[in-house]
Amino acid sequence: MNFQILDADYFRENERPVVRLFGRSDNGESVCCLVPGFEPYFYLSASGDLKKLGQEIKDRFDVVKDIEVVERFEPIGYQETKQPMLKVTTFDPRNVPEIRDEVAGMIGVREIYETDILFRNRFLIDKGFKGMGWVSAGEDADVAKGDLLCDHVVRSSELTEVDRIANSPLKYMAFDIECLPHDGGMPTPDVSPIIMVSFAFEPAYKGHSTIVLVKKEVEGVDDDVEMFTKESDLLNRFFEIITEYDPDVITGYNINDFDVPYIVDRVNVLNESGAGIKPIVGRDSRNLSYRKIISRTMVSIPGRVVVDALPLIRQQFSLKRYTLRNVSKELLDREKLDVAPADMQEHWNDNGEKIRKFVDYARRDSELALELLLELKLLDKYIALSRVSGILLQDTVSGGQTNMVEHILMTEFGKQGRVMSTKPDDETSAYRRKQNESLKGGAVLEPEKGLHENVIVLDYKSLYPTIMMAHNLCYTTVVKPGSYPENDIIRSPSKGEFVKPDIFKGVVPSVLEYLLDQRVKTKQLMKKAGDEGEYRVLDATQLALKILLNSFYGYSGYARARLYSLQMANSVTSIGRDNIARTEDIVCNRIGTVVLRDNAAYLTDEAGEIREGDKVVKLSVAYGDTDSVFVHCKNDCDEEFAEDEFSLEDSALVGRKVASIVTASLPDPMELEFEAAAKRVLLVAKKRYAQWLFEPTNDGWKDKIKVKGLETVRRDWCELTSKMLNRVLELVLKEGDIDGSVHHVRELVDRVRNLDVQKDVDIVEDLVLTKSFSKSPSSYKNKQPHLTVVENIERRTGVRPSIGERIPFVITAGKGLFVDRAEDPEYVREHNITLDVDYYIQKQMLPPVERILGVFGVDVATLNHDSKQKGLFDFDTSSEEKVETVKRVCRTGEQPSQQADQKTQSSLFDF
DNA sequence: CGCCCCCCCTAA
DNA sequence: TTAGTTAGGGGGGGCG
């Protein structure tokens, strides 16, 4: 039987561990495979007689099954030879943490290794199995199920890996609970009952794609609404449906922080008064439970995967708010049905339309959660990450990059006879964090501020990974500076020293090479993918490979990592900084000029004498950040090309030529790539720019406007700013229409100035700002607008928004500090409070737009238009002039005067 | 004012 | 920060 490994753990049988692999088979049945015979162990290094020490350990701890002297490398640093270590095998996995501290304290013991590896991970690593990977359990007959809730339970000690791209037919279930709060506030499990539970299924459960359990009689509803009189019956049915449906993936919206803890607590409350609810959910019949680890709730269900859609969406999509309502609207274009907390009691007490509406509302929430997961394909990436990194799906979903990187490295270390460090203690982490103050990052080139035409965007493909590969940077190659002959080492600009690959090829570079190679192969497979399903899996796989490739650098400078090397991290970035500086030098000085002739690009010495019809292109670097350079192409007089004189094809020719020359000068596999041609680029500041980009595709060029760092992409600015600025950027970049921009801004300013809260409802919505409530109120040293609102909401409703939430607010009219005038938009609407239009004009509209139009000499006085004040200079020019303005600003690089008076202003438009 | 710090969010 | 890293802009507000 072949099945895909969904989860793994172990249990004890006759005081010996038996690993359990949970999964789903290719024919759609849930499987639990029992694997006996695998033993827990750890390593230690020591001075003196290892055999003697081993005997001592064995005599002292009766949980030690076996001791063996082995040869291993230490985790960090290049070593010429392995050294003897002790491998300590215990009877039970839990013995390892039980005895490790005492063992570490014994005389002669230098260091203990791999004493904190979860048994299931140890198993996966040693056996070469992967989370979401396929295995074959042979033809073993089913064994007794016992407590296991699976279609099949088999026992096998001879599992083999199976090579298969497709995923098994997983079963998904979403759920959501409704509770009846006392007074319209937050419900609490000790008093507020669970009155409804909704489910959504994929595939359907007994013909139902949704089910709602309701704790009262409701008339006129479909047969997928089940009614109960007792809450405990409803809850028992909830657990019964889960175990009957037997889902692989359990999802919902904010279930980790709300629904699951609420149900667990509520069941406990009810059971204390003898309800006798059995909250069985696990495939091993385990009860639903959660763990609180420093304000974060962890939920895990044996044999299944719990996926809260909220954190996944938070991570993947940049939105102003993450309420289910907003997320559904933005990402699914679906409306959430809603009953306000204050109206719940009324709806619940109703026996007609209202209660039916309430039921539908509950049903919709589960539906939406499941739709989010499936339609946005939220799990694809995590499934691929599991398959590539090897860790279990639950761990990719609820963990970070550390887990994956460490699992991969430990797998590789194991193969090479190298032991893995334990996690650092708090003291070590703190010390490393201090050291990290000397960790420098990427270089950001000073932008040539203003508007430029014909800019080529070049970037390094996977810069940091390729740097590590090209220079053999690794934990396993790093040496103490000065300890090896010059000839044997590679020295980074930060003075890190690493042995050359012919002396020892680093583990990290090898892994990266493998991942990069797999990614290339996966992309090739994508081109000839048989069906959409296969394409999806392959696409997720290449994305997972990219994520992993880019995880290793960050990990190397992470203070809590098992492996940490400041020398390595600093070497990566220092080579990166050197590289971008070198690139700039090659482009500007060594290449300097490119000649376009007969549809090809030549260096000046390749081209020889300039002929009739040649196009001479002068290059300069207008900007660059870490791994990218923006190359400005000008004519031989160092001016912008005239209209239509420099085509996108010309850009591509120059771009590819430059990229190939730079690449040729670099060690393999570092590679500079031509990414896109920008017709116009507006550089505002470091990390702030907008481009009118043309990207090469299979059928011609695809254009788009790309904005980085400016207010349009920032969530702490209001929608009005984004919309206004987006329009201005489009006018400037595509049309070269400064006048139009000014008109647009003046019109909007005028509308805001004369804002009628009743009439201009749509604009008022666009005035909402959001900021994330990121830490406990007491740890804020300064006042913050969103904190004011948090306090207001808490005072009024008794409920404090939770940390991590984004808080919407508007600025109301009145005296005093801005932070004190922040208010909840909801409250403002209900109480008809006046907004501070001046704040919006002066702080939200004018400064961002001035930063852009200031380049063309447009100032705040021009933009700050008031239709009620006649006599201000009127703004109008012909359309030819509009483009001319832009062209001239580009061509001359002139920064027009910024004076506020009208004369200067009009003179700009008739140079 | 200018300077500095805190805070938020983004680029890479 | 149990949660990869540093670089950097820009707003608000307190203080000299």
Side-chain angles (χ1 to χ4, degrees), chain A residues 116 291-296 298 311 314-315 318 320 395-406 423-424 426 429-430 432-433 436-447 459-460 462-464 547-564 566 568-570 572-574 576-577 580 623-629 684-689 706-717 721 769-776 779-788 803-804 806-807 811 816-822 839 842-844 847-848 851:
Chain A
D116 53 357
R291 288 177 297 152
K292 263 223 147 69
I293 301 176
I294 313 171
S295 84
R296 200 175 155 220
M298 303 279 283
R314 267 220 176 98
Q315 206 187 38
S318 175
K320 292 206 168 156
D395 294 337
T396 53
V397 168
S398 46
Q401 297 172 20
T402 309
N403 270 335
M404 297 188 281
V405 170
E406 288 183 343
K423 285 188 178 158
D426 290 353
S429 311
R432 289 174 178 179
R433 237 188 303 280
N436 259 19
E437 284 167 15
S438 67
L439 175 50
K440 298 266 171 288
V444 187
L445 307 182
E446 194 57 48
D459 62 8
Y460 281 93
S462 305
L463 180 68
Y464 286 178
I547 291 170
L548 280 171
L549 275 165
N550 289 322
S551 296
F552 283 78
Y553 157 67
Y555 176 80
S556 71
Y558 174 44
R560 308 194 82 99
R562 288 176 188 274
L563 300 173
Y564 168 86
L566 183 56
M568 177 175 158
N570 253 329
V572 174
T573 54
S574 69
R577 289 190 301 275
I580 195 168
Y623 180 59
D625 185 348
T626 310
D627 61 355
S628 70
V629 279
V684 179
K686 282 181 174 178
K687 299 193 186 281
R688 302 191 139 224
Y689 59 86
K706 191 176 190 177
V707 181
K708 292 289 185 183
L710 299 177
E711 289 78 1
T712 57
V713 298
R714 293 185 61 95
R715 293 174 290 180
D716 50 357
W717 289 78
T721 305
L769 305 150
T770 63
K771 279 195 178 199
S772 122
F773 174 36
S774 58
K775 51 188 178 183
S776 77
S779 45
Y780 276 95
K781 291 181 181 159
N782 288 337
K783 287 185 165 193
Q784 293 295 327
H786 54 305
L787 199 62
T788 308
I803 292 171
R806 296 190 61 84
I807 311 295
I811 303 302
L817 291 177
F818 146 94
V819 285
D820 296 324
R821 289 186 283 116
Y839 164 80
Q842 299 300 336
K843 301 293 184 181
Q844 288 283 313
R851 278 192 279 272

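Lettering of chains follows the sequences in order, A, B, ..., and the numbering in each one begins at 1.
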**Study point:** Candidates B:dA11, C:dG13, C:dG11 - which lies nearest the side chain of A:P847
**Key:** C:dG11
Review point. Looking across every strand, which nucleic acid part, if any, lies under 4.0 Å from A:T402 by heavy atom: base, sugar-phosphate, or nothing?
Key: sugar-phosphate
Point to revise | Who pairs with B:dA11 - Watson-Crick or G-U, where each distance is under 3.5 Å | key: C:dT6
Point to revise | Atom-pair distance (OH on A:Y464; P on B:dA11), nearest Å | key: 16 Å
Check your understanding: Considering only side-chain heavy atoms of A:N782, which listed nucleotide, C:dG13, C:dG12, B:dC8, is closest?
Key -> C:dG12
Check your understanding: Whole-Å distance between B:dA12 P and A:R577 CZ?
Key -> 18 Å
Practice item. Figure out the NZ/P separation between A:K781 and B:dC7, and round it to whole Å. Key: 6 Å
Point to revise | From C:dG12, B:dC9, B:dA12, nucleotide with atom closest to A:K843 side chain | key: C:dG12
**Study point:** Value in whole Å for how far the C1' atom of C:dG8 lies from CD of A:E446
**Key:** 11 Å
Review point. Between A:L549 (CG) and B:dA12 (C1'), how many Å, whole number?
Key: 16 Å
Point to revise | Gap between atoms CZ and P, on A:R715 and B:dA11 respectively (whole Å) | key: 10 Å
Check your understanding: If you check the A:Q784 side chain, which of C:dA7, B:dA11, B:dC7 turns out closest?
Key -> B:dC7
Point to revise | Candidate nucleotides B:dA12, B:dC8, C:dG8, ranked by approach to the side chain of A:K686 - the nearest | key: C:dG8
Check your understanding: Nearest to the side chain of A:H786, which nucleotide is it out of C:dA7, B:dC8, B:dC9?
Key -> B:dC8
Check your understanding: Could you give the CG-to-C1' distance, from A:D625 to C:dT6, as a whole number of Å?
Key -> 11 Å
Practice item. Grab the CG-P distance between A:L769 and C:dG10 for me, whole Å please. Key: 17 Å
Review point. Distance between the C1' atoms of C:dG4 and B:dC5, in whole angstroms?
Key: 27 Å
